[in-house]
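This report refers to the structure that appears directly beneath it.
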Amino acid sequence: MKLILLLFTASWVLAACSFFGPSILEIIEDKYEIADTVRSSADPEEVAKIFIADKPLSEVAKTLEKAKRPERVSKVVNDKQVLVYDDYFVTLMPNKDDPNKTDIEVAPYDFVRDNYQPSFFDGLLSYYLLDQLLDTHDWRHRQGWRCQMTGGCYRGYNQSGGHYKGPGSIPLFRSTPFRGGGPEEGK
């Protein structure tokens, strides 16, 4: 009887692990090299993480979809694609320096809601769907107004990158493993 109970418990645990499994962020962290992070203007603890894959966008999308099934997959529009998971938006874009590589941006829902320019999602996801995912009402207009009134919002890593300071009052900074500055800067 104990053996049957032990086998039943073990099979249930294995089934639960395969159902829930690692998050898409954990999968991406295991497979790809992190390149940068972008901090949220609304909550400095929230970050979008940027990874680089040595494969074209279509191959990266297939790999991620196979590793963990997304809730939503957009079409490729203007050289970008969005995969929506239960806890993250994953945006795929060709790398600016090498189009054979792909930038993978992983952003939690709160980061997307509080920082993104609504037009970033034009053609990728409907605003009705974004309202549902971000648990908001009329996110496009509210965030668009906020972006306009406060000087701009995040337009994705390829367009905003480390220059993003956000619509909030808290200044943002880009963290990277590389130190910069000119000849007169201390290093």
Side-chain angles (χ1 to χ4, degrees), residues 21-41 43-126 129-130 133-134 143 147 152-167 172-182 185 187:
S23 73
I24 192 62
L25 176 60
E26 293 167 332
I27 291 168
I28 292 170
E29 286 174 331
D30 286 344
K31 288 185 179 287
Y32 304 107
E33 176 184 342
I34 190 161
D36 207 349
T37 58
V38 178
R39 297 215 178 272
S40 170
S41 66
D43 180 357
E45 298 298 315
E46 290 279 337
V47 295
K49 294 184 177 185
I50 310 340
F51 299 85
I52 296 180
D54 290 328
K55 296 178 181 179
L57 187 148
S58 61
E59 288 183 41
V60 174
K62 287 177 189 173
T63 299
L64 294 178
E65 288 180 60
K66 186 177 179 182
K68 185 167 180 104
R69 184 176 166 192
E71 291 181 13
R72 300 274 192 265
V73 178
S74 78
K75 294 179 182 177
V76 177
V77 178
N78 297 326
D79 291 329
K80 64 185 172 190
Q81 183 174 25
V82 177
L83 308 175
V84 180
Y85 291 88
D86 60 347
D87 42 4
Y88 295 98
F89 279 65
V90 176
T91 305
L92 308 175
M93 297 167 280
N95 182 275
K96 282 198 283 191
D97 299 327
D98 184 349
N100 293 319
K101 294 182 178 183
T102 302
D103 289 343
I104 305 167
E105 182 168 340
V106 183
Y109 281 38
D110 289 347
F111 184 95
V112 172
R113 185 192 63 237
D114 296 336
N115 296 279
Y116 270 84
Q117 176 72 35
S119 63
F120 178 85
F121 295 103
D122 285 352
L124 295 168
L125 300 169
S126 74
L129 176 62
L130 286 166
L133 293 169
L134 301 175
Q143 181 71 352
C147 295
C153 287
Y154 188 63
R155 297 181 320 265
Y157 189 72
N158 283 353
Q159 290 187 348
S160 297
H163 305 293
Y164 174 66
K165 301 299 180 214
L172 281 192
F173 60 93
R174 179 171 101 171
S175 63
T176 181
F178 308 105
R179 294 182 64 182
E185 297 294 323
K187 295 189 181 188

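Note: hydrogens, waters and symmetry copies are ignored here, and every other heavy atom, side chains too, is used. Starting from 1, each residue takes its place in the sequence as its number. Because the structure is predicted, anything quoted here is derived from the model rather than measured.
A donor-acceptor pair under 3.5 Å links the side-chain atoms of E105 to the main chain of Y157, judged by distance alone.
Here D79 pairs with nothing under the salt bridge (charged side-chain N to carboxylate O under 4.0 Å, His left out) rule; sequence neighbours left out. When the side chain to side chain donor-acceptor pair (under 3.5 Å) test is applied to D87, no partner is found at least two apart in sequence or on another chain. Residues passing the salt bridge (charged side-chain N to carboxylate O under 4.0 Å, His left out) test with E59, sequence neighbours excluded: none. Among residues two or more places apart in sequence or in another chain, the side chain to side chain donor-acceptor pair (under 3.5 Å) test is passed with K80 by none. E71 pairs by the side chain to side chain donor-acceptor pair (under 3.5 Å) definition with nothing, not counting sequence neighbours. Residues satisfying the side-chain contact (heavy atoms from CB on, under 4.5 Å) criterion with P108, sequence neighbours excluded, are E46, Y88, F111.
Atoms OG and NZ, on S23 and K68 in that order, are 7.0 Å from each other to the nearest 0.5 Å.
Inter-residue side-chain proximity for E29 and I34 is flagged as unmet; no heavy-atom pair is nearer than 4.5 Å.
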>> Determine whether S41 and D114 satisfy the following criterion, side-chain hydrogen bond (donor to acceptor under 3.5 Å, both in side chains), listing intermediate values before the conclusion.
In response: CA-CA 8 Å; S41 66; D114 296 336; over 6 Å; no
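Considering all non-hydrogen atoms of both residues, C153 and N115 come closest at CB-O, 3.2 Å.
Applying side chain to side chain contact (heavy atoms under 4.5 Å, CB included) to S74 and the options L125, L83, V84, L92 leaves one that passes, L125.
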